[in-house]
Amino acid sequence: MVADALDALQNDFEGCETIAFADLSTQMILITNTGTSHRRETLDSLCAEAALTLGTSKKIAVGTAPSSTAIVAEPEQLRVFLRADKEPSDVLCCVFRPGLDIATFLPAARACLEQISSGG
Amino acid sequence: MSELTALTDRLAALAAEDEVFVAGARVITHDSGEVAMAALLREIDSTVLERTLVFTIGDVDVAAIVAGRRLRGLFDVSGNVPGADKVVGQVLSQEDAPTLKATGALLMFLCSAANRVSVRSKPMDSFGTSADAGITAAGLAEFWDIDPDAQPAPPVIRFMTANAASLMAYMYMADNNVAKETAGNTAPLEAVWKDQAAAYRKRQKELSGKKAGGPHLTCLEGPFGPGTALAIAMAGDEVCLCTFAPDQMGALAASWQAITG
């Protein structure tokens with residue numbers, strides 16, 4: 001069910017390599033889209049980066065409040081992290097090749113995250 | 001694409017050590033305006049044999065006939081670019097100033113709107129006669145008033161310039177983290193810079209692994225509470241901290257990738 005939602009989101013956006021649902025309280029990736037090619041170590045780093053950028057209940061690396069969305073842009077890769085509204089430990093971690101239409105992706109990703117987080 | 005052209009592209013890609021290729025075309029600049037024009041002129045200046053250089057300027061292909069480090073003229077311009085019909089197929093010469101000027105204006109028009117220029121070298125298309133020598137790159141630079149040595153501004157500066165309208169406040173640091181320029185309400189940025197930025201950069205480098213040290217942009221929504229947004233742009237020893245409206249986050253990230261990609 002969750003994997004289906006992640007796969008559906010991934011299929012809607014060209015250049016999407018990985019979409020993972022993670023728990024920031026344990027800093028663990030819980031599930032990814034079925035087609036991801038990233039290894040466990042890479043996924044662990046991805047989750048650690050989500051904790052760093054969004055902040056956790058224990059530590060806020062940048063700013064004074066936990067962030068709801070983070071985007072990390074590098075020349076060859078774009079990573080997007082979103083935090084669920086009602087369950088602050090639930091996050092979506094997304095990895096893209098350059099060229100993503102971010103404005104279109106963000107609302108779709110947030111809807112997917114809220115659906116998963118609420119158990120819907 | 002012919003097999004010979006494909007092979008030529010492939011060999012060029014293999015021979016290059018630090019060059020970037022997109023769809024078989026070599027990227028010569030990620031800049032616009034005069035810097036992009038200077039990049040075009042450098043390619044012309046480097047081309048001794050008779051070739052058709054297909055420049056992809058933004059999303060427009062311009063096929064230029066080049067030989068002996070001279071531009072003979074434009075063979076084709078894709079799409080419906082205003083003014084193209086006046087210069088395509090015309091041999092360039094010092095005696096025909098209007099065509100020369102129109103060709104420069106066309107290229108500058110395309111370069112002004114582009115954020116990337118790439119080139120593909122093909123066997124020369126039939127164009128003019130052997131007596132049509134064309135104009136040297138140096139001559140074109142002089143006639144078009146282009147500085148052939150124009151260099152792009154550092155990426156962080158280009159990012160700030162490109163997104164100036166979206167930035168509410170910023171701090172720009174370079175040369176051993178010395179604040180070079182600030183604007184707007186920088187109090188929250190100064191706090192981040194003073195207390196958090198170094199640790200954040202260190203951790204980010206640890207997570208980046210082999211890619212550490214390359215151009216990097218982080219955009220956050222809500223780091224100072226609802227309705228706030230912060231970006232940290234880093235490249236080399238340059239850093240920019242800035243605040244902006246959250247709905248601009250996607251545009252800022254796209255801009256960064258266009259500049260550094």
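Within every chain, numbering begins at 1; the chains are lettered A, B, ... in the order of the sequence lines, protein sequences first and strands thereafter.
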Minimum side-chain heavy-atom gap Thr228(B)-Pro223(B) below 4.5 Å
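Yes, at least one pair of side-chain atoms sits under 4.5 Å.
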Heavy-atom distances under 4.5 Å only: say whether [X] touches chain A with side chain, backbone, both or neither.
{"X": "Ile259(B)", "value": "neither"}
{"X": "Ala199(B)", "value": "neither"}
{"X": "Leu230(B)", "value": "side chain"}

Do any of residues 54-72 of chain A have a heavy atom less than 4.5 Å from a heavy atom of chain B, and if so, which, in residue order?
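Under the 4.5 Å heavy-atom cut-off, Ile60(A), Ala61(A), Val62(A), Gly63(A), Thr64(A), Ala65(A), Pro66(A), Ser67(A), Ser68(A), Thr69(A), Ala70(A), Ile71(A), Val72(A) qualify.
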Do Lys86(A) and Glu114(A) meet the salt-bridge criterion of a basic N to acidic O distance under 4.0 Å?
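So Glu114(A) does not pair with Lys86(A) through a salt bridge.
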salt_bridge(Arg120(B), Asp61(B)) N-O dist < 4.0 Å:
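The answer is no: the pair does not qualify as a salt bridge.
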Mind checking what makes ring-ring contact (aromatic ring centres under 6.0 Å, His included) contact with Phe224(B), not counting sequence neighbours?
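Partners of Phe224(B) by the ring-ring contact (aromatic ring centres under 6.0 Å, His included) criterion come out as none, since no residue qualifies.
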Spacing of Arg26(B) atom CZ and Ile28(B) atom CD1 [to the nearest 0.5 Å]:
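Rounded to the nearest 0.5 Å, the CZ-CD1 separation comes to 7.0 Å.
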What option among Val192(B), Ile232(B), Leu220(B), Leu252(B) has the most heavy-atom pairs under 4.5 Å with chain A?
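If we count pairs closer than 4.5 Å to chain A, Leu220(B) comes out on top.
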Under 3.5 Å, which donor-acceptor pairs link side chains of residues 241-250 of chain B to any protein atom two or more places apart or in another chain?
from      : atom 1 : to        : atom 2 : distance (Å)
Thr243(B) : OG1    : Ala169(B) : N      : 3.3
Gln248(B) : OE1    : Ser166(B) : OG     : 3.3

Would Gln10(A) and Leu6(A) satisfy side chain to side chain contact (heavy atoms under 4.5 Å, CB included), going step by step from the backbone distance to the final call?
CA-CA 6 Å; Gln10(A) 186 232 345; Leu6(A) 298 178; over 6 Å; no
Give every donor-acceptor pair under 3.5 Å between a side-chain atom in residues 91-106 of chain A and any protein atom, sequence neighbours left out.
from      : atom 1 : to        : atom 2 : distance (Å)
Asp101(A) : OD1    : Ala103(A) : N      : 3.4
Asp101(A) : OD1    : Thr104(A) : N      : 3.3
Asp101(A) : OD1    : Thr104(A) : OG1    : 3.2
Asp101(A) : OD2    : Thr104(A) : OG1    : 2.6

